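Comments concern the structure below.
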Amino acid sequence: MSVVTRFAPSPTGDLHIGGVRTAIFNWLFAKSQGGKFLLRIEDTDKSRSDAKYLDSIINSLSWLDINWDENIVFQSKNIDYHCYVANKLLDNGCAYKCYLSNEEVQALKEKNDKIGLRKYRDFEEELNAPYVIRFKMPLHGTIEFHDHIKSNLSMNCSDLDDFVILRQDSTPTYLLACVADDHKMGITHVIRGDDHVANTFKQIAIYKSLDWKIPSFYHIPLIHSEDGKKLSKRNHDVGISYYRKLGILPDALFNYLLRLGWSSGNTEIISRDKAVECFTLGGEKGRSIQSPARLNFDKLLYINGFYLRNTESDRLYEMIENELKIEDRFIPIVKCAIDYMKIRSRTLVELKEFVTDIFGSELPKYVVPKPELSHIGKNLLHEFDISKGEEKLRELATAYGVKFKEIASFLRFALSGREISPSIFEMVQCLGYDLSRQRIENALRL
RNA sequence: GCUUCCAUCGUCUAGAGGCCUAGGACAUCACCCUUUCACGGUGAAAACACGGGUUCGAAUCCCGUUGGGAGUACCA
């Protein structure tokens, strides 16, 4: 049997960082098994869904290079099918029309009155009143399933309500739509956040009532924020676009998220190809932890720095090209500088700023005060030609009796305007002799 | 409250009864490299939540306590 997984976000906001990890797991699982990875948009809640978020989901997944097979499935387009399934359940006696009003339901829930909630469960008549369709939960027994992450789970049916599957307006609820769509799409493995475990018992009851094949379930723990709290939409760091804006590379985010709650021995840096090769989830050799993992920004930055300095400079240039506001004649200089600056940057944004501030114009931004330079030092620099190179400069410093360090820090200031920069002759190499001379003369005059 | 799941350094994790005086990574600190900063290298500090069992032997199995997560919608 070939594997089919799916990622099923709802278009109600910026793609959640936890959702991204779920997508990665699903994608990786499918790829590692030679199966298919499908994308389904759960847009049945019209009031909360928005087309702009659909774009952002597609855009974000593409950015991460997580590609899906076949066409996107829109849950809202399957509503007829959901209704058909609900009626089937009604016909085979596994569901019933419930005429309870909203207020009545609320009052019953407050009293935790499960019996009262089932008032219409065995009601024979047809009333001419609005109704919802409720699923007939078995009164006794247990529902059990083997979760490949959490192992065997079970729950007493008596703890489960007769939940709504079709609303008053004849639209399906999540519990029904999800089962129906997963079945229709031939999903074999459901990998999702463990906020869905409680739903799974209910969904399994639906599968059984329909005599449908039950997929394998993998419930992965949720991701928590840095302070150990639940990730809240109020926090800026839950949406993927935050990381993108910050200059995180997609491969770095992929790698970082993969290692959150999953591991392959002690390996920290795992390329996409390698991940596809060695990914397993659950089962005998599967590596996935059981409790929520916290986001750790420092580690993300470290991983990002690693990917940054191991990415071809030309590639990096392409990534920042559009945001670079520099004259054309500085482009070759900037390109050259990326070679030296990528090792010193942790994000693309940082790289872009370094490179434009230091190499994007005639003179650098002087962001620190000019260091002291002795008279002898000045004389030396007036005489020295930068094109002669480092050896010559050292010789001259010795001859003049000036510390190389003194000259070097002045040159660093002259060429970069800051205390932190590539080495002096790396900068000279990028700037060229003329521009370098110009910068030195200018600094000498300051 | 009820249901259910979980528990190794500050954080992410390795660990599937003896290989563990518990390993790696980030962060921290020291030193080395060095014209600055990074990168790189070496080293330090840092954890099996607690209490009972089972066993010749437990981080690993069982029970309890404590702590944490998730769910408890005509939302997904």
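Lettering follows sequence order; numbering is per chain, from 1. Please read these numbers as outputs of a predicted model, since none were measured by experiment.
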So what does [X] hit on the nucleic acid, given a heavy-atom distance under 4.0 Å: a base, only sugar-phosphate, or nothing?
X	result
A:Ser10	sugar-phosphate
A:Val132	base
A:Leu295	nothing
A:Glu419	base
A:Thr44	sugar-phosphate
A:Phe404	base
A:Glu406	nothing
A:Asn112	nothing

Any side-chain to backbone donor/acceptor pair from A:Arg21 onto A:Ile17? Under 3.5 Å, distance only.
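Not a single qualifying donor-acceptor pair exists.
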Any strand: nucleotide that pairs with [N] via Watson-Crick or wobble, under 3.5 Å:
N	result
B:G57	none
B:G64	B:C50
B:G1	B:U72
B:C37	none
B:A45	none
B:U11	B:A25

May I ask you to verify if any side-chain N or O of A:Arg192 is less than 4.0 angstrom from the OP1 or OP2 atom of B:A76?
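It does not, given that no N or O in the side chain of A:Arg192 lies less than 4.0 Å from OP1 or OP2 of B:A76.
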B:U54 and B:C62: how far apart are their C1' atoms, nearest whole angstrom?
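Between the two C1' atoms, the distance is 7 Å.
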When the P atoms of B:U66 and B:A25 are considered, how many whole Å apart are they?
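Straight-line distance between the two P atoms is 38 Å.
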Euclidean distance, atom [atom1] of residue [X] to atom [atom2] of [N] [Å, nearest integer]:
X	N	atom1	atom2	result
A:Arg346	B:C39	CZ	C1'	11 Å
A:Phe135	B:A73	CZ	C1'	18 Å
A:Asp45	B:A73	CG	C1'	12 Å
A:Phe217	B:U4	CZ	P	19 Å
A:Arg412	B:U34	CZ	P	15 Å
A:Tyr307	B:C39	OH	P	17 Å
A:Asn304	B:A38	CG	P	17 Å

Let me know which of A:Glu350, A:Glu353, A:Glu426 forms a salt bridge (Lys or Arg N to Asp or Glu O under 4.0 Å) with A:Arg344.
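Result for salt bridge (Lys or Arg N to Asp or Glu O under 4.0 Å) with A:Arg344: A:Glu426.
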Among A:Ile220, A:Val197, A:Thr200, the one residue meeting side chain to side chain contact (heavy atoms under 4.5 Å, CB included) with A:Arg192
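Among A:Ile220, A:Val197, A:Thr200, the one that satisfies the side chain to side chain contact (heavy atoms under 4.5 Å, CB included) with A:Arg192 is A:Thr200.
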Among A:Tyr174, A:Phe201, A:Tyr218, A:Phe217, find the one that has a ring-ring contact (aromatic ring centres under 6.0 Å, His included) with A:His196.
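Answer to the ring-ring contact (aromatic ring centres under 6.0 Å, His included) test with A:His196 among A:Tyr174, A:Phe201, A:Tyr218, A:Phe217: A:Tyr174.
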Does the base of B:C37 carry an N or O that pairs as donor and acceptor with the side chain of A:Arg344 under 3.5 Å?
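Per atom types, the contact qualifies.
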For the base of B:U11, is there a side-chain donor-acceptor partner from A:Arg294 under 3.5 Å away?
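Flag unset: no donor-acceptor pair detected.
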Checking side-chain hydrogen bond (donor to acceptor under 3.5 Å, both in side chains) between A:Asp162 and each of A:Arg121, A:Lys119, A:Arg118, which is the one that passes?
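Single side-chain hydrogen bond (donor to acceptor under 3.5 Å, both in side chains) partner of A:Asp162 among A:Arg121, A:Lys119, A:Arg118: A:Arg121.
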